[in-house]
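The structure appears right after this line, and notes come after that.
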Amino acid sequence: MSVRLFNTYSRHLEDFRPLDPAGRQVKMYTCGPTVYNHAHIGNFRAYVFEDLLQRHLEARGFVVERVMNLTDVDDKTIRGARAAGRRLADFTQVYKDAFFHDLETLRIKPANHFPAATEPRYVERMIAMIGQLEAQGIAYQAEDRSVYFRLAKFPDYGKLAHLNLDELRPSGRVNSDEYEKENIGDFALWKAWDEADGDVRWESPWGPGRPGWHIECSAMATALLGPELDIHCGGVDNIFPHHEAEIAQSECCTGRKFVRHWLHCAHLMVEGQKMSKSAGNFYTLRDLLEKGFTGREIRYALLTVNYRLPLNFTFAGLEGARAALGRIDVWVRRISDCRSQIADAGVFTGGEMSVSLGRHKNFFQALDDDLNIAGALGQLFDLIRESNSALDHGQFGPEQASELLKLWESINRVLAFEPEAAAVPAAVLALVEKRQQARADKDWQASDRLRDEIAALGWIVKDTKDGPKLSPAAA
RNA sequence: GGCGGAGUAGCCAAGUGGGAAGGCCGAGGUCUGCAAAACCUCUACGAGUGGGUUCGACUCCCACCUCCGCCUCCA
């Protein structure tokens, strides 16, 4: 079975086929952050979804080359830099660094390229593309000295969003004083400099200014991945007008179909409410880390709902994520321990790995179906229950455990849920030793006191039939 | 007004024209010095509401209600 993905353009599930004749190389572009503040969990939902997509494609044998852009010049970054009294590049660098740190916390695989809009080679390319559009009569400079895309020249505009532009009703945002444009829908390719921009300016054939937002993605995507992309992702709010504009610019410049598969993830709600600063439910990653949640717990919470459905992000959900991960942790540790044991012929009576192999296969088949993560996790938890039961009944030996761990590793390469292997301090190990002696002596008071001492050092000790097990107190 | 998405247990959530996955929480039990874990069992006679098609509808169709998104630079 092949990977099937919902394509925003066709509004249908489609078999995924990359352009590469060998069917292996995948060119993937993902819209990245505008670095004017810390990214919020809504942003990260999109990045976690894109990470799952990449990892699953890799599990299916594809080689993914991914680009994620950084928008480091626009109205918001310029405004922020001015308010902070800093140079634009210094201002955005803070948020770029924070962004990369956050990606690591959430175990998101780094893209192969993180191009920034202000890099000279990309600004040059944007100017070149605008020049090309102007030569074709598609771009024009208006009286305000900005350069616009002439929508009348691109009839396909609106097809991605399935909007009929003739029926568009003016919303409150449109009636700005942009009367210089030929058509209300024409979007900026080059924004002429004005005083509010300060020293943020590049020279161009149309005078000083800066690139429009949309051209940035077209320039960087085609520079790094070529004229045709296999996959382009973003949040649903990027569909219109950003991605429409990207299609228009790119296809007019290259004469080729820009993107084969468009994927967009739905928005996130917080505690059933729209996330907004005024509602007080606006969270960045660091807000949640300060509340004691870990990156992988947040990753789990962001990942467990299919990307096309709205996700209700709640603290109860985070607690649930913590508990579910704890269940996985215990299971992984259990089969790891089982593997490292010498087979006990008296207990081990033969395994039934066919069940587990079936679950493993089903896990990946669920993801093939437009990243059905809930279905896939259902298979994983069935696998956990079945193998736990087999362990309890002695129908499981080191060889089976070894096989099962390999299956888990391939699953974890997609989920990235495995706990960090925290090194146990020698002091804790020494206390555990002493406690074992106390238990052997049936000195329960000493045993309980030692358990408290171990807890005070941040570790929880549990007595299983295979001996004491340690785990960090805070997941 | 146009276009699109969604309503399944206390919470999250999946598949399916014919027995309603899975996770969290909860209850009982086995095990255990205790605790925890693990394991076993139980928890929606019903799927927003009302119709219709069908031998049979949570699934298909229609209407209505509610929520969410987009409608010119918010993931």
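All of these numbers come straight from a predicted model, not from anything done at the bench. In what follows, chains carry the letters A, B, and so on, assigned in the order in which the sequence lines appear, proteins first and then strands, with residues in each chain numbered from 1.
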Write down the partner of rA37(B) under the Watson-Crick or G-U wobble criteria, each distance required to be under 3.5 Å. none
I need the CZ-P distance between Arg79(A) and rC73(B), as an integer number of Å. 12 Å
According to the interplanar angle, ranging from 0 to 90°, do the rings of Phe49(A) and Tyr307(A) count as parallel (below 30°), tilted (30 to 60°) or perpendicular (above 60°)? parallel
Taking only the C1' atom of each, what is the distance from rU32(B) to rC39(B) in whole angstrom? 13 Å
Among rC70(B), rC25(B), rA35(B), the nucleotide that comes nearest once only the side chain of Phe240(A) is considered: rC70(B)
If you check every side-chain atom of Pro241(A), which of rC73(B), rA75(B), rG33(B) has the closest atom? rC73(B)
Suppose you measure atom C1' in rC71(B) against the same atom in rA63(B); what distance do you get, rounded to whole Å? 26 Å
What is the distance from NE2 of His267(A) to P of rC71(B), rounded to the nearest Å? 10 Å
Interatomic distance at P, rA35(B) relative to rA27(B), whole Å: 15 Å
Is Gly317(A) touching bases, backbone alone, or none of the nucleic acid, heavy atoms closer than 4.0 Å? nothing
Is the closest side-chain donor-acceptor distance between Thr8(A) and His264(A) under 3.5 Å? yes
Under 4.0 Å from OP1 or OP2 of rG22(B): is there any side-chain N or O of Arg385(A) that close? yes
Gln141(A) side chain to Trp190(A) side chain, donor-acceptor N/O pair below 3.5 angstrom: no
Taking the P atom in each of rG23(B) and rG18(B), what is the distance between them to the nearest angstrom? 24 Å
Contact class for Leu268(A) vs. all strands (heavy atom < 4.0 Å): base, sugar-phosphate, or nothing? base
Output yes when at least one side-chain N/O atom of Asn388(A) is less than 4.0 Å from OP1 or OP2 of rA38(B), else no. no
Counting the atoms with a prime plus P, OP1 and OP2 as sugar-phosphate, which does Asn372(A) contact under 4.0 Å by heavy atoms, base, sugar-phosphate, or nothing? sugar-phosphate
Nearest to the side chain of Thr34(A), heavy atoms from C-beta on, is which of rC39(B), rA38(B), rA75(B)? rA75(B)
Selected nucleotide, minimal atom distance to Tyr47(A) side chain, candidates rC73(B), rA36(B), rA75(B): rA75(B)
According to a strict under-4.0 Å criterion, is Lys76(A) in side-chain N/O contact with OP1 or OP2 of rC74(B)? yes
Using the P atoms only, state how far rA6(B) lies from rU16(B), rounded to an integer number of Å. 14 Å
Check the distance between rG5(B)'s P and Leu263(A)'s CG and give it to me in whole angstrom. 16 Å
rG33(B) base / Ser447(A) side chain donor-acceptor hit below 3.5 Å: yes
P-based separation of rC62(B) from rU43(B) [nearest Å]: 36 Å
Once you measure the plane-to-plane angle for His242(A) and Trp213(A), does it fall in the parallel (<30°), tilted (30-60°) or perpendicular (>60°) bin? parallel
Comparing Trp444(A) and Gly378(A) on RNA chain B - which has the more 5′ nearest nucleotide: Gly378(A)
Please determine, for the side chain of Asp463(A), which listed nucleotide (rG33(B), rA21(B), rG23(B)) has the closest atom? rG33(B)
Does any donor atom in the side chain of His360(A) or Gln379(A) lie under 3.5 Å from an acceptor atom in the other side chain? no
Between the side chains of Asn388(A) and Arg334(A), does any donor sit under 3.5 Å from an acceptor? yes
Is the centre of the His243(A) ring less than 6.0 Å from the centre of the His232(A) ring? yes
So what's rG26(B) paired with, Watson-Crick or G-U wobble, going by both distances under 3.5 Å? rC42(B)
Quick one: does Asp448(A) reach the base of rG33(B) with a side-chain donor-acceptor pair under 3.5 Å? yes
Let me spell it out: for each of Gly272(A) and Asp382(A), pick the nucleotide of RNA chain B with the closest heavy atom. Which residue's pick is nearer the 5' end? Asp382(A)
How close or far is atom P of rC12(B) from atom CG of Leu302(A), stated in whole angstroms? 16 Å
For Glu271(A), look at atom CD and say whether over 12 heavy atoms of other residues, nucleotides or ligands are found less than 6.0 Å away. yes
Taking only the P atom of each, what is the distance from rA57(B) to rA47(B) in whole angstrom? 12 Å
Write down the distance between CG (Asp452(A)) and C1' (rA36(B)), rounded to a whole number of angstrom. 14 Å
Please evaluate the base of rA35(B) for a donor-acceptor partner in the side chain of Arg451(A) within a cut-off of under 3.5 Å? yes
Tell me the interatomic distance from His243(A), atom NE2, to rC71(B), atom C1', rounded to whole angstroms. 17 Å
Nucleotide nearest Lys462(A) (side chain, heavy atoms from C-beta), chosen from rA75(B), rU72(B), rA37(B): rA37(B)
Nearest to the side chain of Arg435(A), heavy atoms from C-beta on, is which of rA21(B), rA6(B), rG33(B)? rG33(B)
Taken to the nearest whole Å, CD/Gln249(A) to P/rC73(B) is 15 Å
Is there aromatic stacking of Phe381(A) against rG22(B), centre distance under 5.5 Å, plane angle under 30°? no
Does any donor-acceptor pair link the side chain of Asn238(A) with the base of rC73(B) at a separation under 3.5 Å? no
Write down the distance between CG (Asp75(A)) and P (rC74(B)), rounded to a whole number of angstrom. 9 Å
If pairing means Watson-Crick or G-U wobble with both distances under 3.5 Å, then the partner of rA47(B) is none
Separation between the C1' atoms of rC34(B) and rC25(B), rounded to whole Å: 25 Å
Tell me what Ala324(A) touches on the nucleic acid: a base, only sugar-phosphate, or nothing, going by heavy atoms under 4.0 Å. sugar-phosphate
For rG4(B), which nucleotide is its Watson-Crick or G-U wobble mate, given both distances must be under 3.5 Å? rC68(B)
Whether the Tyr122(A) and Asn69(A) side chains hold a donor-acceptor pair (N or O, under 3.5 Å, no angle test) is what I'd like checked. no
Watson-Crick or G-U wobble mate for rC73(B), both contacts under 3.5 Å: none
Identify whether any heavy atom of His40(A) sits under 4.0 Å from a base atom; if not, whether one sits that close to sugar-phosphate; answer base, sugar-phosphate or nothing. base
Phosphate contact (rA36(B) OP1 or OP2) by Arg327(A) side-chain N/O below 4.0 Å: no
